[in-house]
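Take a look at the structure below.
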Amino acid sequence: MSSAVQDRVVAAITAGHFRESAARLAGISPDTLYRWLSAETEPYKSFQEAVETAEAELEREVLEVVTG
C-alpha cells in the first residue's frame with residue numbers, strides 16, 4: 001500500500017464518500033480496502049486509524065450541519 005493510495009482513500013472519505021467509492025476513487029477494489037482494514041499488522045493498523053479518523057471527522061461535520 002502506497003501513501004498516495006492511503007491519502008486518496010482518506011481524502012475521499014473526508015469528502016463524504018462511502019468506503020467502497022473511496023476505494024474505487026483511489027484505484028483499488030473495495031475487497032482490497034476491506035482486506036487492509038482487517039489486517040493486524042503495520043502499515044495497515046496506521047491506515048485503519050487514518051480511515052476511522054476521517055470517518056469521525058466527517059460525522060462531526062455532518063452533525064454540525066444537521067444540528068447547527
So do the side chains of E55 and T14 get within less than 4.5 Å of each other, counting heavy atoms only?
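Side-chain contact under 4.5 Å: no.
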Exercise for review: Evaluate the side-chain proximity of V9 to F47: yes if any heavy-atom separation is below 4.5 Å, no if none is.
Suggested key: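 F47 reaches V9 side chain to side chain.
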**Request:** Begin from the C-alpha positions of Y34 and E20 and carry the test side-chain contact (heavy atoms from CB on, under 4.5 Å) through to its verdict.
**Result:** CA-CA 9 Å; Y34 285 114; E20 292 82 3; 2.6 Å; yes
Original post:
Rounded to the nearest 0.5 Å, what separation is found between the CD atom of Q48 and the CG atom of L37?
Top reply: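 One gets 6.0 Å once the value is rounded to the nearest 0.5 Å.
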query: What distance separates S46 OG from Q6 CD, expressed to the nearest 0.5 Å?
result: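 Between atom OG of S46 and atom CD of Q6 there are 7.5 Å.
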Counting only heavy atoms from other residues, nucleotides and ligands, does the tally under 6.0 Å from CD of E40 exceed 12?
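At most 12 heavy atoms, drawn from other residues, nucleotides or ligands, come within 6.0 Å of this atom.
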Hey, is CZ on F18 packed in by over 12 heavy atoms from elsewhere, all under 6.0 Å?
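Open: at most 12 neighbouring heavy atoms sit under 6.0 Å from CZ of F18.
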Steps toward side-chain contact (heavy atoms from CB on, under 4.5 Å) verdict (R8, I28): CA-CA 10 Å; R8 288 194 299 263; I28 60 172; over 6 Å; no
Would you tabulate the side-chain donor-acceptor contacts of residues 60-68 under 3.5 Å, counting partners in other chains and residues two or more places apart, or write 'none'?
unit_1, atom_1, unit_2, atom_2, d
R60, NH1, E64, OE2, 3.3
T67, OG1, L63, O, 2.6

message = To check you understand the geometry: which heavy-atom pair defines the closest contact between A26 and V5, and what is its length?
response =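 Closest pair (atom of A26, atom of V5, distance): CB-O, 3.9 Å.
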Report task. Treating Ile, Leu, Val, Met, Phe, Trp and Tyr as nodes and any side-chain heavy-atom pair under 4.5 angstrom as an edge, say whether V10 and L58 lie in one connected cluster. Result ->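 Each belongs to a different hydrophobic cluster.
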Path from L25 to L33 over hydrophobic side-chain contacts below 4.5 Å: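 As far as the 4.5 Å side-chain criterion goes, L33 and L25 are not connected within one cluster.
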Worked check of side chain to side chain donor-acceptor pair (under 3.5 Å) between R24 and S21:
CA-CA 5 Å; R24 289 185 184 97; S21 298; 5.1 Å; no
